[in-house]
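Reviewing the structure listed below.
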Amino acid sequence: MYIETTELIRSALQEASGEEEVLITDGGEHADLASTVAFALAKKRRASPAAIAAELVPHLAAALAAHGITVAATGPYLNFRFGPPYFAGVVQAALAPGYGAGASRQVRVVLEHTSANPNGPLHVGHIRNSIIGDTLARAFRKAGYVTEVQYYVNDMGRQIAIVVWGMDHLGIEPEEGEKPDHYIARVYVEANRRIEADPAITGEVDGLMQQVEALDPTTVRKFRSVVGRCLDGFRETLADLATPHDRFVWESDFLRNGDMERILAKLARLPVAHQEEVFYLDLSGAGIENRYVLRRSDGTSVYAARDLAYHLWKGRNFSRVIDVLGADHKLIGAQLQATLRLIGELPPEIVHFEFVSLPEGSMSTRAGTFIAADDLIAETRRRAFDEVTVRRPELPEEERRAIAQSVALAAIRYDIIRISPEKSTVFEWTNALDFERQSGPYIQYAHARACSILEKAGDYTATFAAESSYEQALVRQIAKFPAVVAQAVDELRPHLVATYARELADLFNTFYHFEPVLRAEGATRDARLTLVRAAQNTLKEALETLGIDALRSM
RNA sequence: GGGCCUGUGGCUUAGUCCGGAUAGAGCGCCGGGCUUCUAACCCGGAUGCCGGGGGUUCGAAUCCCUCCAGGCCCGCCA
């Protein structure tokens, strides 16, 4: 309704002004929609913007009256107000299950996120990747795209070789009940310590890497075992965060199936290819001065070579390829894109997010200075449980536990997704554990309140009217949901959904605070209940797009 | 040194791509509201030369130039 109405006004403006670009902006408190086209026309027509605006009004009014839209000029601004048909239409649309979805389209999208090295547990930096990626994937699906989510498993890198060396030489055993990824981190940290003390070990690690590249069965088995164990740990964490993957793609598969050799052979024939000790590409033609090294002097391939094969495969099997990567991958991402473009393959669209650090400095798996996602989840659940127990002591423990789990997930996901990806952040416990305004639980709470009102209401007749300014403000926000989903997808900015949901909760809270629903009578009661239902459904759809449970009670 | 990202009240942040009407919000602070639909809530108040400077424009947080500060990258790691 919002999108359609905007288009209606756009064409009316184009018609009336003769301009292609009609400068539509949000009307704020002045209007539902506004246009500043009069400023642009002022120069051409050598008249004052206000006079031009006033002159356009009758033409616009005539064109839009049938749709219940009124027009007024406030100085140079053309202000449009949507009428009762709009408000009624919005509420009606918002009652439908799945509100906000775009028309389903036959575009296959592959979205890669997280893809952390399996050398230690996921930490609070990694899960920014998971949460941005997963929210984006949910938005894509909501917008109507067929979306497959993949995790690219780096199962043959140096880090893994270091863990394998540690397994063979250090005799570190898992502790009772220790998650495998945490155990592997201990081995990795200790192995690195040994390497620092005795650089000769690096030679042994190199040997392991050569053996795995040569597909030596024993070495391959060792690598697989380490990676598989770590991944088992990741899967638990990712399940806790509700950031699932449809497929885990193993890097070494592209070595085994020959894809990597094929693309390297193809690239070797390019004029930008150079073989001096190492095999590299000169991408200065694409504005990238750094050498893009694909093969070491000992003949083994580097990560970038396998990644090229992986992306070639994705590009040939999907019509859009999206990667969520840390900002530290910007250079290698640009090199990957440039190379694929060079050979006429589909390059990935990359969403980069900036670093998460700790107040005391940056996080490092190797140094053991990180906050594990598992610890964050456990602590947040504890806090949430205490909170639920204080508020709802009458509920059985099992139910409080279940609510706490959803609340904790909401707090964690929202705390991360609300921030624009390009902003670097510092992880603070107090922020992560905040369940008040501008938090996930705050939005969940608004939804639960709506559910509670509806439950107590019993039967009512759906009635579409938005009388008060509180009701209208709420309807205006409800109307924008489909546009917000579409925009989040178009611009690859999932945090727009987070901002939207919070504003929706704000407006709903204000509305029901001032407008009694259950105590209203007759048609007013019906209309308010209908609006509560529309708001509840929109909140639910928005929360689910954010990967947050829309609790009916909390 | 070069490249990319960021700089908005004490703190966290939306808005910046696509320039418009008094820059939104949360935390914290001050003051109010629970015999009334769950107070994880609501209402009111104080706090901003939108990093500095220059420019473009009728109009700049938003575009351009420049300087400053912070983060990241510049590996035969991933």
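Lettering follows sequence order; numbering is per chain, from 1.
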Pick out the pairs of N or O atoms, protein on one side and nucleotides 6-10 of chain B on the other, that lie under 3.5 Å.
| unit_1 | atom_1 | unit_2 | atom_2 | d |
| --- | --- | --- | --- | --- |
| B/G7 | OP1 | A/Lys423 | NZ | 3.3 |

Short heteroatom pairs, N/O only, protein and nucleotides 75-77 of chain B, under 3.5 Å:
| unit_1 | atom_1 | unit_2 | atom_2 | d |
| --- | --- | --- | --- | --- |
| B/C76 | O3' | A/Arg296 | NE | 3.4 |
| B/C76 | O2 | A/Ser297 | N | 3.1 |
| B/C76 | O2 | A/Ser297 | OG | 3.0 |
| B/C76 | N3 | A/Ser297 | OG | 2.5 |
| B/C76 | N4 | A/Glu277 | OE1 | 2.6 |
| B/C77 | OP2 | A/Arg296 | NE | 2.5 |
| B/C77 | OP2 | A/Arg296 | NH2 | 2.9 |
| B/C77 | O2' | A/Gln159 | OE1 | 3.4 |

Between the protein and nucleotides 27-29 of chain B, which nitrogen or oxygen pairs come in under 3.5 angstrom?
none

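Applying the ring-ring contact (aromatic ring centres under 6.0 Å, His included) test to residues at least two apart or on different chains, none of the pairs has a partner in residues 433-459 of chain A.
Here A/Val532 lies out of heavy-atom contact (under 4.0 Å) with every strand. Residue contacts for A/Asp415: at a heavy-atom cut-off of 4.0 Å it reaches no nucleic acid atom on any strand shown.
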Which donor-acceptor pairs under 3.5 Å do the side chains of residues 359-371 of chain A make with protein atoms, sequence neighbours left out?
| unit_1 | atom_1 | unit_2 | atom_2 | d |
| --- | --- | --- | --- | --- |
| A/Ser364 | OG | A/Arg366 | N | 3.3 |
| A/Ser364 | OG | A/Ala367 | N | 2.9 |
| A/Thr369 | OG1 | A/Ser364 | N | 3.3 |

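With a cut-off of 3.5 Å on both Watson-Crick or G-U wobble distances, the partner of B/C29 is given as B/G45. Across all strands shown, the partner of B/G1 is B/C74, judged by Watson-Crick or G-U wobble contacts whose two distances both fall under 3.5 Å.
Minimum heavy-atom separation, A/Lys423 to A/Ile419: CB-CG2, 3.8 Å.
Distance from the side chain of A/Asn117 is smallest to B/A78 among B/C42, B/C73, B/A78. If you check B/U22, B/U38, B/C41 against the side chain of A/Glu29, the one that comes closest is B/U22. Listed nucleotides B/A21, B/C58, B/C37 differ in distance to A/Arg449; the shortest reach to its side chain belongs to B/C37.
Contacts with RNA chain B (heavy atom under 4.0 Å) in residues 351-365 of chain A: A/Glu354, listed by number.
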